[in-house]
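Only one structure is covered here, and it is reproduced in the block below.
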Amino acid sequence: MKFGDFAKIKSLQTPTGFKENLQRLGLPMPCDDIVGSGPASPLGASLSAGPFTIGNRFAIQPMEGWDCFEDGKPSDNTIRRWRNFGLSGAKMIWGGEAVAVRHDGRANPNQLMMTADNQSAIAQLRTTLVAAHREAMGDDNGLVIGLQLTHSGRFCKPNSKVTMEPRILYRHPILDRKFGVAADHPLLTDGDIRALIDDYVIAARRAWDCGYQFVDLKHCHGYLGHEFLSAKTRPGDFGGSLENRTRFLRELTSGIRAAAPGLEIGVRVSIADLVPFKPDPEESEPDSLGPGVPDDFSQSLPYRYGFGTDESAPVTIDLTEPRAFLGIVEGLGIQLINITLGSPYYNPHLTRPALYPPSDGYKPPEDPLVGVMRHLETVRDLKSSFPGLVFMGSGYTYLQEFLPHVAQAVVREGWVDLVGLGRMVLAYPELPADVLSGRGMQRKRLCRTFSDCTTAPRNGMVSGCYPLDPHYKKSPAMAVLTQVKKAANLS
Ligand SMILES: Cc1cc2nc3c(=O)[nH]c(=O)nc-3n(C[C@H](O)[C@H](O)[C@H](O)COP(=O)(O)O)c2cc1C
Ligand code: SF4
């Protein structure tokens with residue numbers, strides 16, 4: 001099947017049409033015909049998670065906007081986004097957005113950063129969110145809010161929107177080439193890592209003082225935490241065996257528990273990865289991206305540069321190590337797990353199933369519903385092995401009209417505990433509240449996975465839903481984005 005052949009979700013009209021399409025694709029995705037509302041419905045039911053009772057099954061994924069001030073304080077755009085997270089009615093706010101624990105680890109010069117000076121502004125993001133949530137839902141009972149802590153590792157751009165300043169743990173034969181990391185680029189030393197752990201602990205304590213109930217120790221999407229998990233070729237305390245590769249997480253956990261005893265810990269993890277993908281050169285034109293194909297890995301076998309990646313066939317997931325990882329996480333007494341896949345930098349179709357590629361991506365190599373199914377099935381598989389962990393899933397936005405139908409079915413059938421929403425909430429923040437109240441969805445506001453929220457920041461602009469959110473649609477950046485998309489033949 002090729003790009004143009006994928007049925008548009010909008011055209012499927014009804015759950016029956018959607019299910020017929022699933023059947024054509026051979027995807028065993030559960031989908032309910034009727035979606036319930038209220039606290040007795042599957043999505044409205046509360047969930048017990050350690051010390052928390054989470055008031056419903058909708059959750060908001062962390063999403064940054066490349067829109068803070070250069071000192072790492074939130075701007076009006078940042079505050080607006082957090083307010084929208086509160087208006088959503090979702091009772092789990094997983095992390096808000098990636099917050100750098102120090103300057104050199106920022107993914108862009110406008111990333112939120114947890115410093116002493118910024119602490120009160122980051123506390124206000126939480127209070128803004130809580131106030132908006134009360135406005136939408138009447139109270140804040142069962143609302144749980146965490147903060148995602150990060151160091152961007154290989155993808156740091158702390159000082160300029162266009163200049164990568166990578167901090168790497170090991171040499172990656174494909175990513176080093178793809179992102180221009182020089183052969184003599186220094187690796188972070190074990191001493192550097194220990195100093196970074198101290199910075200995480202300080203940031204976590206600040207998050208606790210701000211009123212956040214948990215911190216997410218981000219281990220996903222190719223950033224530093226994730227890179228530890230694949231540091232199989234790294235010598236020393238933090239590489240090689242899985243025990244060493246999880247030392248960062250274990251030391252973070254013990255340090256944070258000592259510094260902020262009441263603070264819970266969660267982990268968002270790219271539980272499986274594949275080799276980097278690129279636009280097929282055979283099918284790319286100078287102004288048009290081809291469909292994604294795996295980068296050449298023939299010289300890199302066995303492939304010892306992935307986590308949850310089959311070493312002999314790295315275009316295939318292997319959950320052996322991810323299961324061992326979850327066993328370690330469970331042994332640490334961490335219960336909150338947010339499962340995601342791959343990286344938006346080098347295999348975005350895994351992370352964010354989408355019909356339209358961002359400017360640095362490629363056309364979908366598969367029907368994006370296959371990508372959604374990969375997320376659902378991976379979580380189902382792991383949930384059945386670790387019933388005591390609380391699993392939040394990702395990648396639901398592409399379901400569009402049928403998001404609530406599938407979400408209800410997977411929660412009802414026990415595949416997942418919390419349904420994480422990413423892009424959909426940028427386009428249509430109130431979707432969870434509309435579904436839970438029985439008002440029904442506003443179809444015109446549904447995210448159609450145009451990827452502008454990624455194309456914009458990749459080209460130096462703030463992120464946001466340019467096609468559907470009037471705040472961005474009417475902004476001066478819209479004209480620039482239109483030009484960028486025209487030049488890349490994406491409009
Ligand atoms: C604009 C944008 C910003 C994002 N920022 C983050 C982030 O800060 N931390 C993170 O873990 N994931 C981030 N993500 C990934 C999302 O949390 C989510 O995993 C992804 O969009 C897939 O979910 P969806 O299909 O509901 O959009 C971001 C995604 C988008 C589109
Ligand atoms: S820009 Fe809007 S419609 Fe496009 S993917 Fe992002 S949230 Fe969805």
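Bear in mind the structure is a predicted one, so any value in this text is a computation, not a measurement.
Among residues at least two apart or in separate chains, salt bridge (Lys or Arg N to Asp or Glu O under 4.0 Å) pairs with a member in residues 205-216 are Arg205-Asp209. The list of salt bridge (Lys or Arg N to Asp or Glu O under 4.0 Å) pairs with a residue in residues 330-346, not counting sequence neighbours, is empty. Sorted by first and then second residue, the side chain to side chain donor-acceptor pair (under 3.5 Å) pairs with a member in residues 416-425 read Lys383-Asp417; sequence neighbours excluded.
Not counting sequence neighbours, Asp318 has no partner by the salt bridge (Lys or Arg N to Asp or Glu O under 4.0 Å) test. Among residues two or more places apart in sequence or in another chain, the ring pair (Phe, Tyr, Trp, His ring centres under 6.0 Å) test is passed with Trp94 by Phe214. Applying the salt bridge (Lys or Arg N to Asp or Glu O under 4.0 Å) test to Asp139 and every residue at least two apart in sequence or in another chain returns Lys91. Among residues two or more places apart in sequence or in another chain, the ring pair (Phe, Tyr, Trp, His ring centres under 6.0 Å) test is passed with Tyr346 by none. The ring pair (Phe, Tyr, Trp, His ring centres under 6.0 Å) check on Phe450 picks up Tyr356, with sequence neighbours excluded. Every residue two or more places apart in sequence or in another chain that forms a ring pair (Phe, Tyr, Trp, His ring centres under 6.0 Å) with Phe18 is listed here: Phe402. In this structure Arg443 satisfies the salt bridge (Lys or Arg N to Asp or Glu O under 4.0 Å) test together with Glu401, sequence neighbours excluded. Residues forming a salt bridge (Lys or Arg N to Asp or Glu O under 4.0 Å) with Lys157 (at least two apart in sequence, or on another chain): none.
Counting non-hydrogen atoms of neighbouring residues, nucleotides and ligands closer than 6.0 angstrom, the CD atom of Gln442 exceeds 12 such neighbours.
Residues Ile337 and Leu326 are in side-chain contact: their nearest non-hydrogen atoms beyond the backbone lie under 4.5 Å apart. Taking 4.5 Å as the limit, some side-chain heavy atom of Ile339 sits within range of a side-chain heavy atom of Val269. Contact annotation: the side chain of Cys210 approaches that of Met114 to within less than 4.5 Å [non-hydrogen atoms, C-beta and beyond]. Counting heavy atoms from C-beta on, the side chains of Val329 and Leu249 come closer than 4.5 Å. Contact check for Gln111 versus Thr150: side-chain heavy atoms found under the 4.5 Å cut-off. A heavy-atom distance below 4.5 Å is not found between the side chains of His349 and Pro364. Under the 4.5 Å side-chain criterion, counting only non-hydrogen atoms from C-beta, Leu336 is not in contact with Ile265. Contact of the Leu143 side chain with the Ile93 side chain is registered, since non-hydrogen atoms from C-beta on lie closer than 4.5 Å.
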Output, in order, the C-alpha distance, side-chain angles, deciding distance and verdict of side chain to side chain contact (heavy atoms under 4.5 Å, CB included) for Phe277 and Leu350.
CA-CA 10 Å; Phe277 274 56; Leu350 287 187; over 6 Å; no
Could you walk me through whether Leu369 and Tyr398 satisfy the side chain to side chain contact (heavy atoms under 4.5 Å, CB included) test, starting with their C-alpha distance in whole Å, then the side-chain angles of each, then the deciding distance to 0.1 Å, before giving a yes or no?
CA-CA 7 Å; Leu369 281 175; Tyr398 186 72; 3.9 Å; yes
Hey, mind stepping through Val275 and Asn347 against side chain to side chain contact (heavy atoms under 4.5 Å, CB included) and telling me if it holds?
CA-CA 8 Å; Val275 285; Asn347 45 30; over 6 Å; no
The test is salt bridge (charged side-chain N to carboxylate O under 4.0 Å, His left out); show your working for Asp67 and Arg80 and say whether it passes.
CA-CA 11 Å; Asp67 54 12; Arg80 179 177 181 274; over 6 Å; no
Walk me through whether Lys363 and Ser288 qualify under side-chain hydrogen bond (donor to acceptor under 3.5 Å, both in side chains).
CA-CA 9 Å; Lys363 291 201 180 88; Ser288 169; 3.3 Å; yes
Would Ile79 and Leu125 count as a side chain to side chain contact (heavy atoms under 4.5 Å, CB included) if you check the C-alpha gap in whole Å, the side-chain angles of each, and the deciding distance to 0.1 Å?
CA-CA 6 Å; Ile79 296 166; Leu125 287 176; 3.9 Å; yes
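Across Glu227 and Gly222, no two heavy atoms sit closer than the pair OE1-O, 4.5 Å. Minimum heavy-atom separation, Met392 to Gly420: CE-CA, 3.9 Å. Contact between Phe391 and Phe386 at its shortest, heavy atoms only, is CE1-O, 3.4 Å. Contact detail for Gly395 and Val372: the closest heavy-atom pair is O-CG2, 3.6 Å. Across every non-hydrogen atom of Leu426 and Cys465, the tightest pair is O-CB, 3.6 Å. Residues Ala7 and Asp367 come closest through the heavy atom pair N-OD2, 4.3 Å.
A donor and an acceptor atom, one from each side chain of His151 and Tyr200, are nowhere located under 3.5 Å apart. Side chain to side chain, Ser463 and Arg81 fail the donor-acceptor criterion of an N or O pair below 3.5 Å. Judged by distance alone, the side chains of Asn108 and Lys161 never bring a donor and an acceptor atom under 3.5 Å apart. With 3.5 Å as the limit, one finds a donor-acceptor pair spanning the side chains of Asn459 and Ser359. Between the side chains of Tyr428 and Asp434, at least one donor N or O sits under 3.5 Å from an acceptor N or O.
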Identify each donor-acceptor pair in which a side-chain atom of residues 38-46 lies under 3.5 Å from a protein atom, sequence neighbours left out, and give them as a table.
from  : atom 1 : to    : atom 2 : distance (Å)
Ser41 : OG     : Gly38 : O      : 2.6
Ser41 : OG     : Gly44 : N      : 3.1

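By the 30° and 60° cut-offs, the orientation of the rings of Phe325 relative to Phe307 is perpendicular.
Under the 3.5 Å distance criterion, the side-chain polar atoms of Arg106 are matched with a main-chain donor or acceptor of Glu70. No donor-acceptor distance shorter than 3.5 angstrom exists from the side chain of Ser88 to the backbone of Pro432, with no hydrogens or angles considered. Using a distance-only test at 3.5 Å, with no hydrogens or angles considered, a donor-acceptor pair links the side chain of Gln335 to the main chain of Gly50. Side chain of Gln483 to backbone of Leu481: no donor-acceptor contact under 3.5 angstrom is found. Under a 3.5 Å cut-off, the side chain of Asn56 and the backbone N or O of Gly89 do form a donor-acceptor pair. A donor-acceptor contact shorter than 3.5 Å links the side chain of Ser152 to the backbone of Gly105. For the pair Thr449 (side chain) and Leu355 (backbone), a donor-acceptor distance under 3.5 Å is present. Judged by distance alone, the side chain of Asn118 and the main-chain N or O of Asp71 form a donor-acceptor pair under 3.5 Å. A side-chain donor-acceptor contact under 3.5 Å links Thr351 to the backbone of Leu341. Panel note: side chain Glu321, backbone Gly308; no donor-acceptor pair is recorded below 3.5 Å.
Atom CH2 of residue Trp66 and atom CG of residue Leu112 lie 13.0 Å apart, to the nearest 0.5 angstrom. For the atom pair Ile145 CD1 and Ile60 CD1, the distance stands at 11.0 Å (nearest 0.5 Å). Taking CG from Leu27 and CG from Leu22, the interatomic distance works out to 6.0 Å, rounded to the nearest 0.5 Å.
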